[in-house]
Amino acid sequence: MSKGIGRARRLVLNAAAKVNLILEVLGKRDDGYHELVTVMQAVDLSDRITLEDADVLELASSPGVPADGRNLALRAAMALREAAGVTRGARITLDKRIPVAAGLGGGSTDAAAVLAGLNRLWGVRWPAERLEELAVELGMDVPFFLRGGAALGTGRGERLTEIPSAVLGLVLVNPRFPVSTAETYGRVTPAMYSDGRRARTMAEALARRGAGRVAASLYNGLEPAARQGYPQIAQMEAALMAAGALGAMMSGSGPTVFGVARSWEQARQIRGRVARGAWECWAVRTLRGPAIRIRAGGA
Ligand code: C5P
């Protein structure tokens, strides 16, 4: 193993969450997935990931998060190691801040961070396009996190076009229980399908950087499916609106909901009003730059 210049032995990364400002379900595909049009937006609620060079591949995670092959971050490491023919291992430490199975892409952003970080730590040096090909095999949200900012996603959500993004203050509210993505999609009926046109309206709202326009354009076709099982979703949205949010919507397959604020200061006020024992709340800013950031590296 070379210890040459440019080969770090330890990296610390930030892996940001996302919200879906738009999620339209167009229909069911022959492969069992749903055809989507979505606008994904990175936000500054992040997990912290440490990668250290090691002989074997191993993962340590926060309590309650599986550390075996069910963990997408470990699967990402195994996939890159095999695809790039690497014989090294790595010690991966996940410090989770993003709630698990929450509709915020927490597992997917960890997987993207592991791909980007090990690409560097192991000296693989694959270009972004090749990492994206591997990313999509791990989950449809994973390629988005290799980019960040805001993006339009089509197909199963994995075909991405970058769109201009605005810095907005949002409030995230999570009911402290997980919801399976497959379960929410399993409740979708054709009555919940839409034609994909709302995404264009959202892209225009983001380009004009108006929180009011963004709030008025929010849409999630999965929300009726998730509401059937979880009345808390409507309650959390009502609480955000009562606290002054310009608009509120569920993110991804839920159960986290988010409210759009007029400003960062107002986002913090809303967070203060909505925070209760049963719910976890964050005031966050949207990110115009990368979702994965290397915070520190060491030789
Ligand atoms: O891609 P990911 O692993 O996150 O998807 C989890 C599950 O969500 C899939 O197994 C599928 O049931 C559902 N899904 C879907 N259509 C999509 C994305 C996900 O039906 N476009």
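The figures that follow rest on heavy atoms only: side chains count, while hydrogens, waters and symmetry mates do not. One-based numbering, in listed order, for ligands and for the atoms of each.
The line from CH2 of Trp264 to CZ of Arg285 is 4.5 Å long, rounded to the nearest 0.5 Å. Between the CG atom in Leu51 and the CH2 atom in Trp122 there is a gap of 9.0 Å [rounded to 0.5 Å].
Numbered from 1 in the order shown, with element, the atoms of ligand 1 that lie under 4.0 Å from a heavy atom of Gly139 read 1 (O). Which parts of ligand 1 touch Leu36 is read off a 4.0 Å heavy-atom cut-off, strictly below it: atoms 21 (N). Of all the atoms in ligand 1, the ones that sit under 4.0 Å from a non-hydrogen atom of Thr181 are 6 (C), 7 (C), 8 (O).
The nearest heavy-atom contact from the protein to atom 20 (O) of ligand 1 is His34 ND1, 2.8 Å. Remark: minimum distance from atom 17 (C) of ligand 1 to any protein heavy atom is reached at Tyr33 CD2, 3.4 Å. When hydrogens are left out, the protein atom nearest atom 4 (O) of ligand 1 is Met140 N, 4.3 Å; that is the closest non-hydrogen contact.
Arg147 has a carboxylate O that lies under 4.0 Å from a charged side-chain N of Glu132, or vice versa, which qualifies the two as a salt bridge. Arg97 and Glu280 are not joined by a salt bridge, as no carboxylate oxygen comes within less than 4.0 angstrom of a charged side-chain nitrogen.
Considering both main-chain and side-chain atoms, Tyr185 never comes within under 3.5 Å of ligand 1 through any nitrogen or oxygen pair. At a 3.5 angstrom cut-off on N or O pairs, Leu138 does not count as close to ligand 1.
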Hey, mind stepping through Asp53 and Arg10 against salt bridge (charged side-chain N to carboxylate O under 4.0 Å, His left out) and telling me if it holds? CA-CA 6 Å; Asp53 191 40; Arg10 182 173 182 273; over 6 Å; no

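Trp282 and Met40 fall into different hydrophobic clusters, where Ile, Leu, Val, Met, Phe, Trp and Tyr side chains are chained together by heavy-atom contacts under 4.5 Å.
Proximity of Asp141 to ligand 1 is not established, as no heavy-atom distance is less than 4.0 Å.
Aromatic ring centres of Tyr185 and Tyr33 lie farther apart than the 6.0 Å criterion allows.
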